[in-house]
Number of protein chains: 2
Amino acid sequence: MILQRLPKLAAAIPESLAEMLEEEIILGRLKSEERLTEEFVAERYGVSRSPVREALRLLERDGLVIREARRGIWVAPMSQRDFDEVYTCRIALEGLVARQAAESNDTERKKEFRGLLVELKEAQARNDARQFFAVDVRGSALVYDLAANRTLTRLLQGLEKQALRYRFHAYEQDPKIVKLSLDDTARIYDAITAGDGDSAQAMTEKLIREIWQSMREKVRDYFGQ
Amino acid sequence: MILQRLPKLAAAIPESLAEMLEEEIILGRLKSEERLTEEFVAERYGVSRSPVREALRLLERDGLVIREARRGIWVAPMSQRDFDEVYTCRIALEGLVARQAAESNDTERKKEFRGLLVELKEAQARNDARQFFAVDVRGSALVYDLAANRTLTRLLQGLEKQALRYRFHAYEQDPKIVKLSLDDTARIYDAITAGDGDSAQAMTEKLIREIWQSMREKVRDYFGQ
DNA sequence: GACTTGTATGCTGTATACAATATGGTGTCG
DNA sequence: CGACACCATATTGTATACAGCATACAAGTC
């Protein structure tokens, strides 16, 4: 029998499912408060309910869906309050991870920041939000790798997904909000590359706080408190 | 009609299982790196593998077990590195939650700190580690409730469980390490009650940092880097 | 007409059966 | 004697069957 299934996909259906659903939620194709029945998801992706249940547990962990016992699962609602919660946590943790990344002496991997910045600029020039965010996420992943703090990474990956929902929405409404952050991002990458933990942390905290403030009002207007 | 719906009470086997396993891991009855086969857990608690799998996902989320695809699940190893990771994250987040708790104006619930302090002292006087930690966890839960930040609470609850493994171990080795923290805890509770966010945050960060430093060497000696 | 009770249905939660894969031991061959 | 292939077994991963709760709606009662 000739192999027909991709080994990697077969290796972790729940994780793959979770990734696909994540993307759909972040990009807004699955709307807030939309019901997600297990059978619907199972049928849609051609698998049984078992891996779906596990995938939904993963999404619950990352705050993308909410679950009520014996009642079901819904795409997590968006609100200013939720937004505030995510961002207050992010300020603290992203600052920490930037510091720890700067303290790494893996100069090889730090060089990757250069290429990422080029890609970010290209994506921005093309006004390609999806691409921009995809590269941005890879940048975060690199920072997390450099920090080499698995616990911190675990916490942040969850927050990042929630944050991306808001950021993507904001970008669609007003693309220039992204430009705001590009220069600062470049400076942060420089500080990390240079090994300057103090300013990497301070600039990261400042950047995220600014993004938070700049989006806050629109989030309230759009999603309510 | 007085009876409200009690959503939490609706039997949730995975959550109950997770709680029991958590306790076994924290108290060291399930040893580090011990293999946890699904069938073993299922048989031990008289349930099938389905809820066990979900319980183990929950434990994985909280960093108490590690999982390798298709190979199995083990009680998470303890090490100085893991300890450092947990505590650097805790410093940032516990400080934040203390500040937000202080900013709450739920004076009724803040009064509960008094009773908790009494219980803490009693437990300490009796050298009852389990009781001490149980009350301490309730104190944290109260702080989290006051902060009313679900995202932050979600992140911290996971960290707290990991931290408790080390704290409980340290307590067994040397009970006076607990006395160290009682007075400071009292002062933090006071600051929160008084609504002084700045000092609640600063004192919390300082306390956790001190606990971290005081335990760090012993953790390395015992568990290795 | 409002409220309770009965009933149907859809969905979640759990158990069980089955498939796929990792592991360890045994034997064979170099 | 060591390396490697092969098979047996244990364990995870997935599918399916079934039980029980939640919701909506219909019927009956006051």
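Letters A, B, ... mirror the listed sequences (proteins, then strands); counts begin at 1.
If you measure from atom CZ of R67(A) to atom C1' of dT12(C), you get 9 Å, rounded to the nearest angstrom. If you take CG of L17(A) and C1' of dG13(D), they are 13 Å apart, rounded to a whole angstrom. Straight-line distance from the CD atom of E15(A) to the P atom of dT12(D): 15 Å, rounded to whole Å.
Between R57(A) and E15(B), at least one side-chain nitrogen of the basic residue sits less than 4.0 Å from a carboxylate oxygen of the acidic one, meeting the salt-bridge criterion. Classification of E94(B) and R209(B) as a salt-bridged pair fails, no side-chain N sitting under 4.0 Å from a carboxylate O. Between R150(A) and E85(B) there is no salt bridge, since none of the side-chain N atoms of the basic residue sits less than 4.0 Å from a carboxylate O of the acidic one.
For E68(B), the salt bridge (Lys or Arg N to Asp or Glu O under 4.0 Å) partners two or more places apart in sequence, or in a different chain, are R71(B). By the salt bridge (Lys or Arg N to Asp or Glu O under 4.0 Å) test, D128(A) is found to be paired with R126(A), residues two or more places apart in sequence or in another chain being considered. Listed by chain and residue number, K111(A) satisfy the salt bridge (Lys or Arg N to Asp or Glu O under 4.0 Å) test with E108(A) (two or more places apart in sequence, or in another chain).
Of the residues in residues 49-66 of chain B, those placing a heavy atom less than 4.0 Å from an atom of DNA chain D are R49(B), R53(B), in numerical order.
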Distances for protein N or O near nucleotides 9-11 of chain D N or O, under 3.5 Å:
residue : atom : partner : partner atom : Å
dT11(D) : O3'  : R35(B)  : NH2          : 3.3

Under 3.5 Å donor-acceptor pairs involving side-chain atoms of residues 218-225 of chain B, not counting sequence neighbours:
none

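Ring geometry for Y171(B) versus F133(B): interplanar angle over 60°, hence perpendicular rather than tilted (30 to 60°).
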